[in-house]
Amino acid sequence: MKMSGKAPTGVVWIICLILYLVALAAQFGVVKVDPQVVTWSWIIGLGLLLAACRVRGL
């Protein structure tokens with residue numbers, strides 16, 4: 001089945017999901033991570049997801 005539209009590809013979606021889970025786990029204290037890593041995880045994950053929704057094939 002060929003994908004059409006501007007939805008992110010599976011690879012981009014998985015990367016964003018991993019970044020989100022890292023940030024979420026650190027936010028609730030499940031894992032101890034440097035606060036800058038948590039902040040950049042949110043920023044990069046959301047930015048990548050937003051860019052992937054606008055750029056076809058990303």
Side-chain angles (χ1 to χ4, degrees):
M1 177 180 272
K2 188 173 184 178
M3 294 175 60
S4 63
K6 293 184 179 177
T9 60
V11 174
V12 171
W13 191 84
I14 294 294
I15 291 170
C16 292
L17 180 64
I18 290 169
L19 289 170
Y20 173 74
L21 290 175
V22 167
L24 192 65
Q27 186 70 30
F28 288 108
V30 176
V31 294
K32 294 292 181 187
V33 182
D34 183 29
Q36 285 189 332
V37 172
V38 176
T39 301
W40 282 107
S41 181
W42 285 114
I43 293 169
I44 293 171
L46 181 60
L48 181 61
L49 189 60
L50 289 173
C53 288
R54 297 298 297 165
V55 177
R56 184 177 297 251
L58 183 64

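Count residues from 1 along the sequence.
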Minimum heavy-atom distance C16-G45, with the two atoms named: SG-O, 3.4 Å
Transitive ILVMFWY side-chain link [X] to [Y], under 4.5 Å:
X   : Y   : value
I43 : L50 : no
L46 : V12 : no
I15 : L24 : no
V37 : L17 : yes
I44 : L49 : no

Considering only residues two or more places apart or on different chains, which pairs with a residue in residues 10-54 satisfy ring pair (Phe, Tyr, Trp, His ring centres under 6.0 Å)?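 Listed once each, the pairs are Y20-W42.
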